[in-house]
Structure formats: structure tokens, C-alpha cells
Number of protein chains: 2
Amino acid sequence: MNLKNQVEWALHCCAVMMALPEGVYLPAKVLAEFHGVPKEYLSKALQALSQHGIVIGTLGPSGGYRLARAPDQISFLDIVEAVEGKRSTFRCEEIRGNNPCVPRRHRAGKPCTVARIMWKADEAWRESLRGVSLTDLAAQLAEDVPDDVLAKSRAWLLERA
Amino acid sequence: MNLKNQVEWALHCCAVMMALPEGVYLPAKVLAEFHGVPKEYLSKALQALSQHGIVIGTLGPSGGYRLARAPDQISFLDIVEAVEGKRSTFRCEEIRGNNPCVPRRHRAGKPCTVARIMWKADEAWRESLRGVSLTDLAAQLAEDVPDDVLAKSRAWLLERA
DNA sequence: CCTATTACAGATATATTTTATCCGTAATCA
DNA sequence: TGATTACGGATAAAATATATCTGTAATAGG
Ligand code: SF4
Ligand code: SF4
């Protein structure tokens, strides 16, 4: 059970886009080169973000992507769910319906205990991601990443925006 | 991102094995028929449980599986991790190392902020599963499942144990 | 108006993982 | 001895993730 690598890419892209000045857009091509990932496939992830209203994409030269709202209004969960989907990781195949001792009653009934427990764990995962915003990420990054690397990256990106 | 269906099967099998009297073993064949799933593939899940010390398998006629310890000493997490593995669902491909502005320093460094946040969410998921034991499940099942179904299932299984 | 650039949607191809089956071996019991 | 079982490894089929390719429409700038 693995998350798609697009999740990682999308998160990094959003982190990078926080540095954009008002009205400036970053093309997928640049984001792909910056992260060293295939442009075409990364585009799919960015389009997913766009469809979920997390980023805004504009066409034409000087077009590209930027965040659709303030970083403190974008959570990790928003981003993860945009590319990974909202469905629970636990798939219930209703195998209790195969129990030879159960006539019919149970089958269309409410989800069983096992499923509820698994879904609750899933919700705990989501809740954890819901609690972290891009602003939180930025604060941590400022501590972790040396200032010169941050500045150089910023300059590298703006040159190509 | 989906959990394997073996997870669901393993959980149901453990639930069923709680009903076994001391010293009695339930063959994979019976468990498979009871749940309506392919025996060969279910066996793989049961072997995983066995390797992780959650169930005990014995050979020969009247052999099969039973729980290796008391139900209150077996958590959902034990079972899920046995078949799904212990690794985080978030795979870090170290794409920050591809950043053209980073020389060398960063690359072998500690895991970055993004990864830590994702791993923490993963841990929240595990913590949730760690908090539920088979005993808890049994209590819930007693409420959810009608008594006659429970009794009939029990009888059906013991006939074939 | 023209051209280069871009996001976007859809089709296709490849790789990896999940799902499932098959077979041979060893242990156990009657 | 013979039937039954778990176990491990090899293999096959299906589903999903990964990646590429194509064409279209919008847009900025000349
Ligand atoms: S998890 Fe619950 S609802 Fe799903 S198959 Fe098992 S018993 Fe049925
Ligand atoms: S998640 Fe962190 S450690 Fe992993 S690639 Fe991204 S920056 Fe690097």
C-alpha cells in the first residue's frame, strides 16, 4: 500500500509556489525541472490540484500555476486528497454476505464493525493531515533549509516564472 | 491507494478464530469457504499472520490455525501490519536532491519536513488501529450481529474444525 | 493578425503491484 | 500407510501506477 509519488510531487510544488509574488505564475515545465520529475506526468497532478481549486492555472506565455488561496487556507489533506482521492484505503467487499449461515437480513444492512474501525483509523490519518497547513510547512522549512539554498532556489524559480 | 483485500480477510479470520475452544484448530479451507474467498490466496494471508506470531498453524489432519495469544493481546494493527507491512504509505524519493540549487549538503541529511508530516499522519493511523483489540471487536460484534446468526456460525465452524 | 507558449483532456504504452493459482515438501494424525 | 494439513516458491492474470504522446483551446506579445 503506497501513496502515489504524485502526492510527494504535488506537496513540493505547493511549497515552492508559496514563494511566488502576486500575479506571477510558474509553468509545469519549470516545476518539473526544479524537482527532476517528468513534466507530462507532473502535469496530471497539477491539473488535479487545479480541478480541486487548490491552484489556478492560466494559459499562454507567462502562464502556469499559482496557489488559489492563502497558504494558511491550504492543508496537506487538501493536496493529498486532490491527487489521491477521498475514498477510504480500506475496501469492504462485504464478505460477511458470503457467510453460509446468514440468510439475507445482514447483507444490505449497515457497514459492519470491522469496516467502521478501519474507516475510523483512516479518518485519524486525514485528521492529522488536515491539521497542517502550508504556512506550517513554510515555518518548518525556514528552520530546516539553509538560508542561502532558500534564496538561490527562489531566484532560480523567479527567473523562469 | 488501497489496502489489500487480504487485510479484510485476515481481520475476519481472526474474529472467527476467537470462537475456537482450547486446542482446536481451523483449517484454511474452512475459513475460505466461510468467507467465500479463494483458499490458496487466503492461505498466504494466514501464513503471514503465522510468521508474525499472531496465529499458530499446525500440520496434519485436524490441523489448521488458531490465535496465538489472548484476543485482548491482539490489536488491529498487529493484524494489518502482518499482511500489509510496517512501512509508511508515503514513499520519499528524495526529490529535493534534484533541486538544481542544492549542491551536496542536503542530500544525505535528515528526512525533510514534508516527509515528517506525512509519516506523522501515518503514525496517527497506526495509533488508531493499535487502540483496538480483538476483544473490543468481539464486544461490538455481539451488539451488531443477531444472536442466532452468531450461534449458527459458531456451530457451522466447530463442525468443521 | 500571427506565432510561440501554455494548460488541459484524452488515448496509449510501460512498469509495478495486487490477486490468484499451481506444485512440491514436510509434518501430523488415524 | 494414506489422507490431510501448513508452508514456501514459482508462475499467471488482473488491476493500478507511472509515463508518454496527441490534439485543442486560450493567451501574451510582436
Ligand atoms: S468489513 Fe464488515 S462490512 Fe466489510 S465485508 Fe467485512 S463484515 Fe462485511
Ligand atoms: S519529502 Fe522531503 S525528504 Fe522526501 S523528497 Fe521531498 S523534500 Fe526530500
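We name chains A, B, ... by the order of the sequence lines, and we start the count at 1 in each one. Any value given below was found using the heavy atoms of this structure, including those in side chains, with hydrogens, waters and symmetry copies removed.
Contacts of residues 76-89 of chain B with DNA chain D (heavy atom under 4.0 Å): none. Of the residues in residues 9-19 of chain A, those placing a heavy atom less than 4.0 Å from an atom of DNA chain D are A:Trp9, in numerical order.
When the salt bridge (Lys or Arg N to Asp or Glu O under 4.0 Å) test is applied to B:Glu93, no partner is found at least two apart in sequence or on another chain. Under the rule for a salt bridge (Lys or Arg N to Asp or Glu O under 4.0 Å), A:Glu33 has no partner lying at least two apart in sequence or in another chain. Partners of B:Arg66 under the salt bridge (Lys or Arg N to Asp or Glu O under 4.0 Å) rule, at least two apart in sequence or in another chain, do not exist in this structure. Partners of A:Glu123 under the side chain to side chain donor-acceptor pair (under 3.5 Å) rule, at least two apart in sequence or in another chain, are A:Arg130. Considering only residues two or more places apart in sequence or on other chains, B:Thr135 meets the side-chain contact (heavy atoms from CB on, under 4.5 Å) condition with B:Pro71, B:Asp72, B:Ser133. Among residues two or more places apart in sequence or in another chain, the salt bridge (Lys or Arg N to Asp or Glu O under 4.0 Å) test is passed with B:Arg69 by B:Asp78. Here B:Glu84 pairs with A:Met1, B:Leu3, B:Lys4, B:Val7, B:Val80 under the side-chain contact (heavy atoms from CB on, under 4.5 Å) rule; sequence neighbours left out.
Within the hydrophobic cluster formed by Ile, Leu, Val, Met, Phe, Trp and Tyr side chains joined at under 4.5 Å, directly or through other members, A:Ile56 is accompanied by A:Tyr25.
Across the protein-nucleic acid pair, B:Gln6 atom CD and C:dT19 atom P stand 7 Å apart, rounded to whole Å. To the nearest angstrom, P of D:dT16 lies 14 Å from CE of B:Met1. Taking atom OH of residue B:Tyr25 and atom P of nucleotide C:dT28, one finds them 11 Å apart after rounding to whole Å. Separating the CG atom of B:Asn2 from the P atom of D:dA14 is a distance of 19 Å, rounded to the nearest angstrom. Across the protein-nucleic acid pair, A:Leu49 atom CG and C:dC8 atom P stand 10 Å apart, rounded to whole Å. Separating the NZ atom of A:Lys4 from the P atom of D:dA15 is a distance of 17 Å, rounded to the nearest angstrom. Atom-to-atom, CD of B:Glu93 to C1' of C:dT16 comes out at 13 Å; the value is rounded to the nearest Å. Look at CZ on A:Arg66: it is 17 Å from P on C:dT6, rounded to the nearest Å.
Within the structure, a side-chain polar atom (N or O) of A:Asn5 is placed less than 4.0 Å from OP1 or OP2 of D:dT18. The shortest distance between the side-chain N/O atoms of A:Arg91 and the OP1/OP2 oxygens of C:dT19 is below 4.0 Å.
The nearest pair of heavy atoms linking A:Gly36 to B:Asn98 is O-ND2, 3.7 Å. Of all the heavy atoms in B:Ala10 and B:Ile79, the pair that sits closest is CB-CG2, 3.8 Å.
Residue pairs meeting the side chain to side chain donor-acceptor pair (under 3.5 Å) criterion with at least one member in residues 149-161 of chain B, sequence neighbours excluded, are A:Asn99-B:Ser153.
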Base, backbone or nothing for each nucleotide of nucleotides 3-12 of chain D, written B, S, -, heavy atoms under 4.0 angstrom, 5' to 3'? BBBBBBB---
